[in-house]
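This report refers to the structure that appears directly beneath it.
Atom set for the values below is all heavy atoms of this structure, side chains included, hydrogens, waters and symmetry mates excluded. Throughout, protein chains are lettered first and strands after them, A, B, ... in sequence-line order, and every chain is numbered starting at 1.
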Amino acid sequence: MANNRGNGKNAVGLTKDDYRGAPSTLCKGCGHESIANQVISVMYELDVLPENVVKFSGIGCSSKSPAYFLGRSFAFNGLHGRMPSLATGAVFADHTLKAMGFSGDGDTASIGMGQFKHVMRRNVPLVYIVENNGVYGLTKGQFSATADQGLELKKQGLNPYMPVDIVREALASNATFVARAFSGDVKQIREILKAAMSHQGISVIDVISPCVSFNNQDDALHSYSWGREHEVAIHDLAYVPPREEIEVDYDEEVMKKVTMHDGSKIILQKIGEEHDISSRVAAVNLLDRADEEGILLTGLFYINTEQPSLIDIKGISEEPLNRLSNERIRPSRQAIQDVNEMLF
Amino acid sequence: MANNRGNGKNAVGLTKDDYRGAPSTLCKGCGHESIANQVISVMYELDVLPENVVKFSGIGCSSKSPAYFLGRSFAFNGLHGRMPSLATGAVFADHTLKAMGFSGDGDTASIGMGQFKHVMRRNVPLVYIVENNGVYGLTKGQFSATADQGLELKKQGLNPYMPVDIVREALASNATFVARAFSGDVKQIREILKAAMSHQGISVIDVISPCVSFNNQDDALHSYSWGREHEVAIHDLAYVPPREEIEVDYDEEVMKKVTMHDGSKIILQKIGEEHDISSRVAAVNLLDRADEEGILLTGLFYINTEQPSLIDIKGISEEPLNRLSNERIRPSRQAIQDVNEMLF
Amino acid sequence: MSESSAVSAGIANQDQVVNDFSITIGTVNGSGSQTSNLTIMRSIFKMGIPVSGKNIYPSNIQGMPTWYTIRVSKDGYLGRVPEPDIVIAMCPESFEEDVNRLPPGGVLIYDQGIRKEVGREDIIRYPLPVQKLVRASDTPRNLRDYVANMVYVGALVNFLNLDIDKVRQALEYHFSGREKPVSINYQVIQSAAEWCAANIEKVDPYRLESMEVTKKYKLVNGNEAAAIGAAFGGVQFVGWYPITPATGLADMLKVYLPKLRKDPETGRNTFAIVQAEDELAAIGMAIGAGWGGLRSMTSTSGPGLSLMAEFVGLAYFSETPLVVWDVQRVGPSTGLPTRTSQGDVIMAHYLGHGDTQNVLLFPGSAYECFEFGWKSFDLAERLQTPIFVLSDLDLGVNQWITEEFEYPDVEMDRGKVLWEEDLEELGGEWGRYLDVDGDGIPYRTVPGNKHPKSAWFARGTGHDAYARYSEDPEDFRQNMERLQKKYETARTLVPEPVIDEVEGAEIGILAYGSTDSAVQEAQDYLQDKGIPADYLRLRAIPFTSSVREFVKNHRRIYVVEMNRDGQVHKLLSLEVPEETHKLVSVAKVDGLPLEAEWILGEIINVEGK
Amino acid sequence: MSESSAVSAGIANQDQVVNDFSITIGTVNGSGSQTSNLTIMRSIFKMGIPVSGKNIYPSNIQGMPTWYTIRVSKDGYLGRVPEPDIVIAMCPESFEEDVNRLPPGGVLIYDQGIRKEVGREDIIRYPLPVQKLVRASDTPRNLRDYVANMVYVGALVNFLNLDIDKVRQALEYHFSGREKPVSINYQVIQSAAEWCAANIEKVDPYRLESMEVTKKYKLVNGNEAAAIGAAFGGVQFVGWYPITPATGLADMLKVYLPKLRKDPETGRNTFAIVQAEDELAAIGMAIGAGWGGLRSMTSTSGPGLSLMAEFVGLAYFSETPLVVWDVQRVGPSTGLPTRTSQGDVIMAHYLGHGDTQNVLLFPGSAYECFEFGWKSFDLAERLQTPIFVLSDLDLGVNQWITEEFEYPDVEMDRGKVLWEEDLEELGGEWGRYLDVDGDGIPYRTVPGNKHPKSAWFARGTGHDAYARYSEDPEDFRQNMERLQKKYETARTLVPEPVIDEVEGAEIGILAYGSTDSAVQEAQDYLQDKGIPADYLRLRAIPFTSSVREFVKNHRRIYVVEMNRDGQVHKLLSLEVPEETHKLVSVAKVDGLPLEAEWILGEIINVEGK
Ligand SMILES: Cc1ncc(C[n+]2csc(CCOP(=O)(O)OP(=O)(O)O)c2C)c(N)n1
Ligand SMILES: Cc1ncc(C[n+]2csc(CCOP(=O)(O)OP(=O)(O)O)c2C)c(N)n1
Ligand code: SF4
Ligand code: SF4
Ligand SMILES: [Mg+2]
Ligand SMILES: [Mg+2]
């Protein structure tokens with residue numbers, strides 16, 4: 001497609017600017033900022049109409065970031081920890097839209113743990129991005145539930161608790177698309193985001209996204225430098241849109257291919273050992289090894305394209321529910337007679 | 001000790017009746033009833049003074065059951081899904097007491113998921129028993145989050161969602177004592193309970209406890225008959241109280257010994273393959289195998305006696321906080337002068 | 001002066017007492033007695049006689065005493081009465097208690113299998129050999145426990161002339177026509193009736209006689225009526241979490257929506273029902289759906305309502321339409337989950353921190369549960385705000401006589417929604433929170449709108465008229481004042497009260513919800529006592545002008561409600577500051593529906609006659 | 001008639017204006033300007049001059065415009081004023097906005113590095129070469145951005161005679177004596193002052209002169225004062241969750257408790273602070289601890305309070321003592337997180353479904369934050385109920401002048417707790433919910449009590465006087481009536497209002513909390529206008545008899561508050577039904593602290609002079 005992208009316009013005739021939002025109020029260098037930028041690029045590159053995306057978020061720096069991209073997409077910036085329930089109800093309004101949720105580690109793993117677990121359980125069609133910095137940025141840096149045990153911060157002291165691992169939680173909850181990325185590695189984020197956009201159920205993407213104001217110590221996870229030094233990709237991941245030829249020359253030996261419902265493909269090129277992304281057990285083992293080795297393992301841990309999404313389960317009409325005419329949602333006059341008949 | 005238990009009195013001079021509570025209002029045959037009975041026996045056998053135990057619960061049939069045992073113990077029957085927070089605060093009142101929490105699968109895995117995960121993360125010294133029947137008993141049998149996918153109930157229809165696995169969640173949250181039991185297998189429940197009573201941090205015990213009124217279908221997990229046919233114990237578990245000799249003749253070959261902080265011991269006798277209960281990875285693998293084989297695997301999955309409990313972390317005074325005299329909790333007159341000095 | 005004492009007087013001189021008495025049935029819950037009780041109530045109803053049945057049950061599943069009170073009233077009084085004329089005692093645990101409910105001359109029908117002394121000579125006693133009769137019937141062993149309670153149905157067939165054909169009808173309805181259970185139960189009833197006829201001499205005065213009164217009516221509980229109403233209101237999304245006594249509403253939606261709401265064109269669902277993990281998620285989903293442009297609702301009770309507080313504030317401030325059904329039970333806290341109250345009014349009205357004022361509807365009958373079931377969506381979408389429908393356990397779970405449901409008499413009002421063509425006309429010039437029409441109600445767009453100017457950013461934080469983030473003091477103040485104006489607009493849109501005026505009344509009674517039947521009865525007694533009183537049945541908050549009028553035009557107003565603090569009395573006081581001295585709070589909550597006699601007593605205490 | 005306009009009048013004929021003006025400083029947040037602003041405010045304070053500083057900041061961490069307003073008032077008026085006399089403009093983004101804040105004749109001090117036109121001739125302008133001065137100083141490169149804001153401190157040293165020694169003191173306090181940062185900043189300030197002296201001629205009338213007034217006082221914000229108070233109140237458990245503007249309270253507890261609350265005997269902690277996963281857990285923990293017999297608290301703001309609704313109902317009904325601090329911000333919903341309001345009053349009072357009435361305290365000064373910090377525990381344990389302390393952002397996060405804190409003048413009141421020996425005496429005969437003393441307050445035992453009769457089963461469900469589960473209507477009614485009686489007892493125990501009477505006043509002002517300074521000022525202006533008004537500062541709900549008295553004794557009462565709906569006006573109306581016609585609501589919320597002039601205007605509108 002790259003060819004018909006002359007004069008900065010993509011296939012749907014939009015420039016990159018059409019995908020931007022209000023000026024950012026995040027701190028300079030905030031990890032969330034680079035995620036925002038990748039969302040903009042990806043939507044532009046995938047030729048997505050902004051009107052076909054709907055954004056959801058909770059409360060936090062991460063959660064307010066949706067104001068800074070896709071200004072032409074509807075958005076609901078809700079309550080702290082409650083993004084998943086808002087999204088769950090809203091996806092029924094127009095199931096043809098692509099729903100994206102933006103949350104933080106506090107928003108998801110602290111106050112939001114319950115809704116996080118249950119939105120995965122229901123396999124709600126939602127790209128769920130956790131912008132994970134180990135602290136509560138917007139309230140000035142308290143430890144969140146994903147902060148490492150033993151992490152020491154000037155104003156906060158030492159964190160005595162074991163961290164919540166977003167990916168481990170996602171696997172335990174049978175999420176159907178589970179990935180981890182790092183704000184410092186934008187190329188991978190882009191490919192993972194693209195793949196997630198083609199997934200039918202929930203895609204959970206844990207993005208380690210440093211908070212430069214409160215948690216960016218070189219020696220600690222959640223910092224840029226630690227991430228840069230310790231990131232190891234499970235595989236080299238490339239997304240191939242529907243109806244597009246696989247450009248790389250595909251080599252069965254070192255590559256695996258996953259075909260998505262929309263016909264797009266994910267090409268996984270082995271790095272080091274092979275990982276079977278259809279196996280939750282394998283994914284958990286990877287996590288455990290990564291913990292032992294003290295590395296930041298990124299990539300697509302697990303995918304399941306078979307589980308029906310919540311929308312499938314509820315068997316709703318093809319036409320968006322929010323466009324059904326009054327006649328189609330109010331039963332007939334005859335119906336009220338029948339009901340009266342039925343009653344004793 | 002059995003010897004000084006003449007005339008039905010145990011070492012602290014109490015009869016079994018001293019451990020009972022108000023008459024039960026549970027349905028005849030309810031799995032929760034047998035758990036209640038095991039609690040009574042265990043406390044009696046362990047010579048625990050009821051005044052040294054404090055009970056907590058949420059809302060549900062399971063959660064009201066604490067009214068039916070240990071009538072001489074303090075209890076707080078709180079709100080639906082919020083037992084963990086009540087317990088977390090209360091354990092600071094008198095840390096010498098043994099805290100026990102009784103909850104249901106709805107109470108813990110649905111509305112209570114967040115507090116469940118976080119009470120484990122903090123390693124609160126609490127025996128947390130999930131009386132798991134896959135439904136909301138007290139509200140007449142709706143599916144809970146632990147109901148099996150595909151389970152069909154007369155009034156409820158078919159459950160389309162993947163179940164929450166309490167043990168998997170506990171392992172993901174780094175709980176320090178993780179076990180599963182079955183109401184139909186009382187001997188094992190007793191031994192696991194005893195072991196949990198000696199554990200210093202959180203002990204999560206998932207007890208499959210059939211609801212005879214709403215979810216007891218022979219072909220489904222959570223039923224007596226299915227459990228009886230499919231229960232497989234990981235190991236034969238025996239608890240040896242502090243200062244007591246190990247009665248069984250101990251055989252290194254087939255037995256493992258875990259020594260608890262109070263000097264008591266857990267003796268694990270191998271059944272089939274050996275399981276290393278100090279390895280979370282091994283525990284998760286066991287779970288996955290059990291899922292594949294479609295069995296109800298019970299026993300102690302994992303234990304970690306090293307993690308400090310929340311009480312240890314907070315370094316509170318030896319003497320119960322709720323017995324400290326006013327002088328010890330109100331600073332001196334000098335102190336207010338110092339504070340005033342410090343201020344600008 | 002009360003109905004029932006009139007009755008016991010009647011006994012003395014053995015007159016017949018026809019279609020005017022009450023029965024209390026004490027059984028063990030989970031023992032199938034519900035079927036027997038409903039069967040009796042339904043058959044009486046089908047005999048054309050006004051009747052009410054109230055369930056007084058424990059918060060447990062099986063094995064505890066539970067009561068069912070039936071009131072038969074030719075005059076159509078269907079509220080609770082303090083003492084029964086007839087007691088049916090089938091529960092060993094509550095036997096004494098139940099026997100002692102009877103006034104002298106009352107009738108005791110009981111299972112003689114209960115090994116307890118009746119110990120009263122001043123009442124009429126009919127012992128029933130329940131076990132014997134059940135064993136005699138050819139009921140399969142495993143079902144015997146369940147049919148045992150049919151024996152007292154049979155007894156009433158004999159003693160009260162309960163019409164056995166109507167009994168069969170009732171059974172057929174209950175078992176949706178399945179022959180086997182119908183005949184098993186019917187057979188037990190019949191043989192029990194025959195046994196009574198053969199072995200017990202009737203000495204009591206109570207009798208049922210067919211009437212015409214209820215012929216054109218139906219029996220339904222408020223939760224079922226609400227579900228039917230919602231179905232005809234076009235509900236598209238339901239997020240809910242189980243809780244007594246609201247569960248029945250969602251249960252009925254699960255029954256009716258699949259029947260009534262398949263898309264006529266595609267046969268697919270035009271709705272979705274999601275059982276959430278808790279009430280925070282339930283209302284969160286409902287708000288998401290309402291924001292998305294769906295007719296959306298949630299149903300809960302007190303504890304759930306408390307959990308919804310933060311989300312309600314978001315809906316109020318982001319101006320998202322949704323309907324919240326609160327089927328009230330007794331609080332505070334978990335309180336009495338299976339008992340009725342009107343204790344959530346103030347909470348619901350002010351729910352959410354900061355300045356909030358929520359719109360409340362008070363259905364006063366099963367019919368209004370149906371009616372508000374659909375109307376509430378029109379209001380929610382018109383006003384772009386959460387609409388609270390405050391039902392209660394008595395209304396929600398008990399069977400009520402109702403006229404047949406009528407098809408909504410107005411087109412659906414989907415409110416101020418702009419679609420692509422509208423935005424075209426406006427050249428894309430619009431502001432989400434602009435008060436274009438001067439009624440405080442702005443226009444909105446919903447996701448899926450493809451116009452490039454359609455999108456807006458919904459939030460619970462401060463915003464200007466164009467939904468842009470704003471901390472500007474003026475923006476905030478103006479927005480809050482517009483919300484205030486919108487609330488005043490609501491005042492003109494909510495259902496007017498129902499006013500029943502009587503000749504020469506100087507005082508008025510103001511009540512709402514399920515107390516209606518008791519209040520009507522009290523109103524008649526007052527009339528008898530020469531204290532004519534008008535009766536205003538409030539149906540909504542904000543109060544409409546006619547409510548102020550009513551207060552203005554009466555010397556004294558008695559505000560009758562089922563809570564401790566006189567919650568509507570308080571809210572009304574704030575509405576008519578200059579007339580608060582006229583307002584008298586008549587409030588009580590103990591879990592039981594109010595009795596006409598108690599209301600009467602309270603009013604007479606003040607009026608002093 | 002207002003202070004500030006008096007001032008600008010002053011400018012015309014170049015009189016000196018001493019210790020009576022206000023400054024608004026516009027900077028970029030996260031740029032270290034807080035240090036400069038606090039330094040200025042603190043040095044003025046140390047000069048013995050009454051001063052207040054208010055932070056008007058955005059809900060974000062870095063890079064947005066933020067404002068700090070300083071008011072210097074020899075007469076001790078410390079409320080907000082509508083327009084500043086001096087503006088310091090350091091933020092490019094808000095430059096025009098800030099310049100336009102000035103009245104004609106006002107003084108503009110600004111960074112000439114900002115590439116924008118001042119575009120006003122009617123004001124005095126002092127441009128500062130900020131970058132040049134910073135570069136000139138030998139400040140390490142990496143710190144330059146932070147010290148840049150010290151330049152305007154130096155400017156004030158020169159233009160206003162801000163005492164440079166006090167400035168140094170302030171810096172030393174701020175950097176807890178660390179020499180390096182002190183000298184770096186001090187040096188910049190000094191050179192800036194010198195540069196101004198050498199290069200700019202002072203033509204404005206404003207000057208600071210040392211006074212004695214504030215010498216015996218301290219500067220502290222309400223959150224810190226509350227934490228100190230709690231420490232002396234013997235707080236033993238804190239469950240909290242971060243939220244603006246309450247976070248500072250917990251932060252200060254984390255600072256003070258380790259200092260003040262090690263067990264004198266063992267050196268171990270006599271307290272625990274737990275950061276919960278959310279507010280439901282925070283209050284749940286606090287309730288668990290309070291039930292366990294600990295002095296327990298939680299601190300939050302609006303959204304958190306909403307989430308606590310269900311648990312508050314449990315605490316109210318189970319009668320569990322705990323203290324809930326609500327540092328109010330602007331609602332509804334997420335609202336304006338960094339702006340002040342008094343919008344949670346009604347919500348807090350009625351929080352929890354069913355019938356609830358909660359006790360509220362309103363600290364009106366930093367000193368009272370300290371005082372209620374410890375008193376609230378005595379009340380909570382005496383009354384066995386949650387006590388809500390309603391502070392707000394203005395009071396909580398801004399620095400206030402306060403007298404030195406005094407040691408609690410009364411012994412701790414641990415309330416009615418029975419231990420082993422008490423139960424011995426009673427022979428184990430007691431009932432958890434028995435009203436033994438007729439004050440509605442029952443006795444309780446706490447876990448750890450070893451007496452075999454000590455244990456009881458706490459629950460949110462219906463219970464009898466012995467804490468046994470009960471669905472009995474009488475049990476329920478009696479228990480609710482006792483709770484009502486307990487509330488009446490609370491009326492006699494809560495802090496009395498502070499009443500300031502003036503000669504010949506016929507009208508009264510009723511206000512509460514952080515509006516105190518503005519109200520006092522308005523009261524004086526009214527006096528000047530010949531409208532003497534008494535002033536009652538409410539400190540608690542339930543209202544004490546003296547509040548009723550106050551209403552009774554005045555022709556008209558103005559209820560002044562920072563919310564839209566006049567929330568205390570409403571609650572007071574319910575309290576004095578016969579006198580509601582006297583009550584006038586003077587209410588507004590836009591995120592800014594109230595101004596004396598606005599209050600004055602509202603009252604004059606009605607009094608009409
Ligand atoms: C109910 C509620 N409690 C607390 C807050 C205060 N609050 C705002 S953001 C936040 C934490 C955000 O942390 P995270 O989700 O990690 O986002 P980040 O700022 O780190 O990107 C909190 C506690 C709130 N807004 N609402
Ligand atoms: C906030 C709230 N929501 C809903 C309810 C209603 N409710 C009572 S028990 C229960 C479910 C209990 O299920 P579970 O925890 O599995 O216990 P079980 O009865 O199955 O033992 C529910 C939803 C409640 N009491 N409080
Ligand atoms: S505080 Fe941290 S998370 Fe928030 S914007 Fe700044 S860097 Fe990002
Ligand atoms: S309903 Fe189920 S869970 Fe509840 S008591 Fe009966 S059997 Fe047990
Ligand atoms: Mg974060
Ligand atoms: Mg259950």
Side-chain angles (χ1 to χ4, degrees), chain C residues 58-59 280 301-303 305-307 309-310 312-314 316-318 330-339 341 343-344 346-348 350-357 459-462 471 473-474 476-477 480-481 484 563-565 567 570 573-574 577-578 580-581 583 588-592, chain D residues 58-59 280 301-303 305-307 309-310 312-314 316-318 330-339 341 343-344 346-348 350-357 459-462 471 473-474 476-477 480-481 484 563-565 567 570 573-574 577-578 580-581 583 588-592:
Chain C
S59 174
L280 287 92
S301 190
L305 192 69
S306 282
L307 285 175
E310 191 193 13
V312 167
L314 176 67
Y316 171 84
F317 195 54
S318 63
V330 176
S333 197
T334 310
L336 304 177
T338 59
R339 301 301 160 88
S341 112
D344 298 346
I346 285 184
M347 166 87 169
Y350 291 118
L351 200 57
H353 58 279
D355 297 284
T356 62
Q357 293 165 300
R459 46 160 58 92
T461 40
E471 291 174 355
E474 263 316 287
F476 190 83
R477 207 182 43 66
M480 288 302 281
E481 275 171 14
Q484 176 70 44
N563 51 53
R564 181 192 64 182
D565 296 338
Q567 299 188 12
K570 282 195 160 88
S573 304
L574 296 173
E578 63 291 342
T580 48
H581 56 280
L583 307 181
K588 149 177 134 175
V589 60
D590 62 8
L592 301 178
Chain D
S59 175
L280 286 93
S301 191
L305 193 69
S306 283
L307 286 175
E310 190 193 13
V312 167
L314 176 67
Y316 171 83
F317 195 55
S318 63
V330 176
S333 196
T334 309
L336 304 177
T338 59
R339 301 299 161 88
S341 114
D344 298 346
I346 285 183
M347 166 87 168
Y350 291 118
L351 199 56
H353 59 279
D355 297 284
T356 61
Q357 293 164 299
R459 48 160 57 92
T461 40
E471 293 174 352
E474 264 315 289
F476 190 83
R477 210 183 39 67
M480 288 302 281
E481 277 171 12
Q484 178 69 43
N563 52 54
R564 181 192 65 183
D565 296 339
Q567 299 190 9
K570 281 194 161 88
S573 304
L574 296 174
E578 62 292 341
T580 48
H581 57 280
L583 306 181
K588 153 176 131 174
V589 60
D590 61 9
L592 302 177

Task: Side chain, backbone, both or neither of C/Leu592 within contact of chain D (heavy atoms, under 4.5 Å) - done: side chain

Task: Smallest separation among heavy atoms of D/Thr338 and C/Glu471, with atom names - done: OG1-OE2, 4.2 Å

Task: Residue C/Ser341 versus chain D: region with a heavy atom under 4.5 Å - done: neither

Task: Considering all heavy atoms, the nearest D/Pro332-C/Thr356 contact - done: CB-CG2, 4.0 Å

Task: Winner by heavy-atom pair count (cut-off under 4.5 Å) against chain D, out of C/Pro58, C/Ala348, C/Gly343, C/Gly460 - done: C/Gly460

TODO: Tell me, out of C/His581, C/Glu578, C/Gln357, C/Lys588, who's got the most heavy-atom pairs with chain D below 4.5 Å.
DONE: C/Gln357

- [ ] Below 4.5 Å from any heavy atom of chain D, which atoms of C/Ser333 appear? Answer side chain, backbone, both or neither.
- [x] both

Task: Evaluation steps, side chain to side chain contact (heavy atoms under 4.5 Å, CB included), between D/Arg564 and C/Phe476 - done: CA-CA 11 Å; D/Arg564 181 192 65 183; C/Phe476 190 83; over 6 Å; no

Open item on the list: Tell me if a side-chain donor or acceptor on C/Asp344 pairs with a main-chain N or O of D/Gly354 at a distance below 3.5 Å.
Closed with: yes

Task: chain C interface, residue from D/Lys570, D/Arg477, D/Glu474 that has the most non-hydrogen pairs under 4.5 Å - done: D/Lys570

Open item on the list: With a 3.5 Å distance limit and no angle check, can you tell me whether D/Ser306 reaches the backbone of C/His353 through a side-chain donor-acceptor pair?
Closed with: yes

Task: D/Gln484 portion near chain C, given a 4.5 angstrom heavy-atom threshold - done: both

Task: Closest-packed option against chain C by number of heavy-atom pairs under 4.5 Å, given D/Ser318, D/Ser301, D/Gly331 - done: D/Gly331

TODO: Quick one: which of C/Gly591, C/Ser573, C/Pro577 has the most heavy-atom pairs under 4.5 Å with chain D, could you say?
DONE: C/Pro577

Task: Greatest number of heavy atom pairs closer than 4.5 Å to chain D - which of C/Ala309, C/Gly313, C/Gly335 - done: C/Gly335

TODO: Identify which part of D/Thr580 has an atom lying under 4.5 Å from any heavy atom of chain C, answering side chain, backbone, both or neither.
DONE: side chain

Task: Atom of D/Tyr350, atom of C/Met347 and distance for their closest heavy-atom approach - done: O-SD, 4.4 Å

Task: chain C interface, residue from D/Val589, D/Leu351, D/Leu574 that has the most non-hydrogen pairs under 4.5 Å - done: D/Leu574

Open item on the list: For C/Val312, which atoms come within 4.5 Å of any heavy atom of chain D: side chain, backbone, both, or neither?
Closed with: neither

TODO: Can you tell which part of C/Leu583 gets under 4.5 Å to a heavy atom of chain D, answering side chain, backbone, both or neither?
DONE: neither

Open item on the list: Tell me the closest heavy-atom pair linking D/Gly462 and C/Leu336, and the distance in Å.
Closed with: CA-CD2, 3.8 Å

Task: Toward chain C, the part of D/Arg339 with a non-hydrogen atom under 4.5 Å - done: side chain

Task: Step-by-step side chain to side chain contact (heavy atoms under 4.5 Å, CB included) determination, C/Ile346 to D/Ile346 - done: CA-CA 10 Å; C/Ile346 285 184; D/Ile346 285 183; 5.6 Å; no

TODO: Please determine, among C/Leu280, C/Leu305, C/Leu314, C/Thr461, the option with the most heavy-atom pairs under 4.5 Å with chain D.
DONE: C/Thr461

Task: Short side-chain to backbone donor-acceptor contact, D/Asp565 and C/Asp355, under 3.5 Å - done: no

